[in-house]
Amino acid sequence: MNKKIRVRFAPSPTGALHIGGLRTALYNYLFAKKYNGDFILRIEDTDIKRNINTSINYILKTLKWCKIKYNEGFHKKGKYCPYIQSKRISIYKKYLKKLINNNFAYYSFETEQELNIYKKKYKNFIYNALTRNKLKNSLTLNSTLTNKYIKNKKYVIRLKTPKNTNIIFNDKVYGKITINTNEINDKILFRSDLTPTYHLASVIDDHIMKISHIIRGKEWISSTPIHILIYNYFNWNLPNFVHLPLILNDLGGKISKRLNYNDSVPIYPINSKHFNIKNSYKKKGFLPNALINIIALLGWAPNYNKEIYSLNQIIELFDFNNISKKDVHLNYKKFCWINKQYINNSNSHFIDNILLKFLKKKIKNKKIKTIYLKKIIKLTKNRIFLINDIWNVSYYFFINPIKFNIPNSIYLLIKKNYKKILFFFKKIILFFKKKKKKKEIEIFLNKISNIFYLKLLRISLVGKLIGINMLYILSLINNKIIINRINYFLKQIIIK
RNA sequence: GGCCCAUUAGUCUAUUGGUUAGGACGUCAGAUUUUCAUUCUGGAAAGAGGGGUUCAAUUCCCCUAUGGGCUACCA
């Protein structure tokens, strides 16, 4: 096999790109990268009714954010322009004519309503070699009638599938798959609205564009015989078929472009007439590198006891043999864990800047100095899983607690003298220098022998028993604010 | 309903005839953190069921069960 590796990602612009689509794109990209091949982006918009024009842009943005680069295809110059099927219809028509002339395709004249009646009447109605002799089509009607239908443009064009023939192909993931032609319809290649369908367009394009490996979701396995027939009818060399296991949603079904399911969360946020995607992996605070790692491991595992791989490692190790045949369920907590590994192990300057940007946006108070924010980030970032979590672990540096959550265990022990204790703390805190000396605070904290008194102080400052070491809380929050918080606590909380 | 495909712990996966069935997330316990989280250590937890083939089966074959895909003038 010395043919050049050429693969394509061919989404239809009918909605948001979800994690399954992105994985297909990624695996194509990885395979091309590994063998120095071409990775092509082709837009399959043959079904005009379902197209959503903003989704092309959305797909491009998502791929860009994930750094999945294609070197040929939509919006790029290339040998096989254009890379959008709606602008290639004349090509498909040309090939379609050849199929008809060679008697590999024929005109069929039933209306949709008529077909629905058949489907209702006969349970397993299939339009193919077993039934087409009894139906209205160019094979059964005489030429005058046929021509009349064609003239009035009341037809579809169907692929002529042979009778009772086993189509066998060797899938790179699933191995040998056999499907009998009696089970498949004479697929419609050309609709009554005179547009080609996916099956025709994609096979022709894959051949013209010299695609060597078709890497796509497993849901296409049952259509593969149709594609193989078309290749054979044209006497074209077959590409390699690589079908990927499906990614299942929380209901156990195929993830769809409809955004009803939690797991179908798209990658990139977008706000347009057609979508309003707030809940995306990007928006949640996943890093693109981590997401690539996560998605690569969805149905593929190299034979190492390891979870974290750089893109280069993934490219090097990527192999169809390591792709699982089993459909995968998403494990969101593991996603978060992988993201955390990236937050902790990546270049810290890079991550800190992302966190800084996030916090600045969240706080909106321009008076807060960058150095201060950086200190807080340094102290809190080892506690987060997603970028957005940084707020949850640092908010108490920026906003005063309003509600106070005092666990019973502490409540019982301090209820007698909590006022005294806090007054005492206030006195000491007032004596801290403006630029607080750490040592001073350390001595103070060490002197508090009763752990519950410390907890009381924490609750009054943070609201809950969470957060980083008191030493840093006391030294980073300004004395005045600390006193105010204690005062507010004493006002709000009446412990009897 | 028909056809195709899959089936190792809650989830992802390793081991493709001989292993105390390995790892990860999660979970549970302990340590660190005078809190919480992180981190560290340890534990529990799996070959869907039934038949074959074989000296030996998680691994090969068959049946059943379960799950999924397809069965569109959608891709």
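Quick caveat: nothing in here was measured; it's all calculated off a predicted structure. Just so we're on the same page: letters track the sequence lines, and every chain starts at 1.
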Please compare A:Ile126 and A:Glu183 by the position of their nearest nucleotide in RNA chain B and report the one closer to 5'.
A:Glu183
Rounded to the Å, how far apart are A:Arg216 CZ and B:rG69 P?
17 Å
Tell me whether the side-chain N or O atoms of A:Asn124 pair up with the base of B:rG1 as donor and acceptor below 3.5 Å, since no angle test is needed here.
yes
How would you label the contact of A:Leu445 with the nucleic acid (heavy atoms, under 4.0 Å): base, sugar-phosphate, or nothing?
base
Can you tell me the base-pairing partner of B:rC3? Count Watson-Crick or G-U wobble geometry only, both distances below 3.5 Å, and say none if there is no partner.
B:rG69
For atom P, what is the distance between B:rA9 and B:rA21, given to the nearest Å?
15 Å
Counting only side-chain nitrogens and oxygens, does A:Ser222 get under 4.0 Å of the OP1 or OP2 atom of B:rU71?
no
Have a look at A:Gly217 and say if it touches a base, only the backbone sugar-phosphate, or nothing, with a 4.0 Å heavy-atom cut-off.
nothing
Whole angstroms only, please: what is the NZ-P distance between A:Lys218 and B:rA6?
8 Å
C1' gap between B:rA56 and B:rU16, integer Å
16 Å
A:His243 side chain near B:rC5 phosphate (N/O to OP1/OP2, under 4.0 Å)
no
Does A:Val156 reach a base, just sugar-phosphate, or nothing at all? Heavy atoms under 4.0 Å.
base
Base, sugar-phosphate or nothing for A:Asn185? Non-hydrogen atoms, less than 4.0 Å.
sugar-phosphate
Please report, rounded to the nearest Å, how far the C1' atom of B:rA37 is from the CD1 atom of A:Ile343.
14 Å
Rounded distance in Å between the C1' positions of B:rU19 and B:rU27
26 Å
Look at all strands and tell whether A:Leu246 reaches a base, only sugar-phosphate, or nothing, counting heavy atoms closer than 4.0 Å.
sugar-phosphate
For the pair made of OH in A:Tyr174 and P in B:rA6, what is the distance, rounded to whole Å?
8 Å
Give one of base, sugar-phosphate or nothing for A:Glu44, where a contact means two heavy atoms less than 4.0 Å apart.
sugar-phosphate
How is A:Asn303 classified with respect to the nucleic acid when contacts are heavy atoms under 4.0 Å: base, sugar-phosphate, or nothing?
sugar-phosphate
Base, sugar-phosphate or nothing for A:Ser223? Non-hydrogen atoms, less than 4.0 Å.
base
Does the side chain of A:Asp186 come under 3.5 Å of the side chain of A:Thr161 through a donor N or O and an acceptor N or O?
yes
Looking for any heavy atom pair under 4.0 Å, which part of the strands does A:Lys340 touch: base, sugar-phosphate only, or nothing?
sugar-phosphate
Using the C1' atom as the reference point in each nucleotide, state the distance between B:rG18 and B:rU54 in Å, no decimals.
12 Å
On a plain distance test, is the side chain of A:Arg383 in donor-acceptor contact with the base of B:rC36 below 3.5 Å?
yes
Of the listed B:rG68, B:rU11, B:rC73, the closest approach to the A:Lys119 side chain comes from B:rC73
For B:rU15, does either OP1 or OP2 sit under 4.0 Å from a side-chain N or O belonging to A:Asn305?
no
Please give the distance between the C1' atoms of B:rU8 and B:rA14 as a whole number of Å.
10 Å
Determine the contact category for A:Thr178: base if any of its heavy atoms lies under 4.0 Å from a base atom, sugar-phosphate if only primed atoms, P, OP1 or OP2 are that close, otherwise nothing.
sugar-phosphate
Hey, does A:Lys455 reach any base, or is it just sugar-phosphate, or nothing, if we go heavy atoms under 4.0 Å?
sugar-phosphate
Under 4.0 angstrom, heavy atoms only, what part of the nucleic acid is A:Gln113 near: base, sugar-phosphate, or nothing?
nothing
Return whichever of A:Leu465 or A:Arg158 has its heavy-atom-nearest nucleotide of RNA chain B closer to the 5' end.
A:Leu465
Proximal nucleotide (of B:rG23, B:rC4, B:rU35) relative to the A:Ile179 side chain:
B:rC4
Value in whole Å for how far the P atom of B:rA75 lies from CD1 of A:Ile204:
14 Å
Please determine which of A:Phe318, A:Phe320, A:Phe9 meets the ring pair (Phe, Tyr, Trp, His ring centres under 6.0 Å) test together with A:Tyr27.
A:Phe318
Identify the residue among A:Tyr233, A:Tyr95, A:Tyr231 that makes a ring pair (Phe, Tyr, Trp, His ring centres under 6.0 Å) with A:Phe104.
A:Tyr233
Quickly work out the A:Asn450 CG to B:rU34 P distance and round it to whole Å.
15 Å
Does the side chain of A:Tyr127 come under 3.5 Å of the side chain of A:Asn137 through a donor N or O and an acceptor N or O?
yes
Give one of base, sugar-phosphate or nothing for A:Lys154, where a contact means two heavy atoms less than 4.0 Å apart.
nothing
Over all strands shown, is A:Ile448 touching base, sugar-phosphate only, or nothing at heavy-atom distances under 4.0 angstrom?
base
Would you say A:Lys334 places a side-chain N or O within less than 4.0 Å of OP1 or OP2 belonging to B:rG23?
no
Checking only heavy atoms, does the side chain of A:Asn331 share a donor-acceptor pair with the base of B:rU11 at less than 3.5 Å?
yes
Below the 4.0 Å mark, does B:rC12 have OP1 or OP2 next to a side-chain nitrogen or oxygen of A:Lys326?
yes
Is any side-chain nitrogen or oxygen of A:Arg191 closer than 4.0 Å to OP1 or OP2 of B:rC74?
yes
Under 4.0 angstrom between A:Thr195 side-chain N/O and B:rC73 OP1 or OP2
no
Under 3.5 Å, is there a donor on one side chain and an acceptor on the other for A:Asp47 and A:Tyr198?
no
Taking atom P in both B:rC40 and B:rA45, what distance in whole Å separates the two?
24 Å
Please check if any side-chain donor atom of A:Tyr80 sits under 3.5 Å from a side-chain acceptor atom of A:Asp205, or the reverse.
no
Below 4.0 Å: OP1/OP2 of B:rC74 and any side-chain N or O of A:Lys49
yes
We want to know whether A:Asn164 and A:Asn180 form a side-chain donor-acceptor pair, criterion being a heavy-atom distance below 3.5 angstrom.
yes
Residues, nucleotides or ligands: over 12 heavy atoms within 6.0 Å of A:Lys148 NZ:
no
Is the ring centre of A:Tyr155 less than 6.0 Å from the ring centre of A:Phe109?
no
Testing B:rA24, B:rU34, B:rC73 for proximity to the side chain of A:Trp337, the answer is B:rA24
Between B:rU38 (P) and A:Ile468 (CD1): distance, integer Å:
16 Å
Nucleotide B:rA14, atom P - distance to OH of A:Tyr304 in whole Å
14 Å
Pairing partner of B:rA48 (Watson-Crick or G-U wobble, both distances under 3.5 Å)
B:rU64
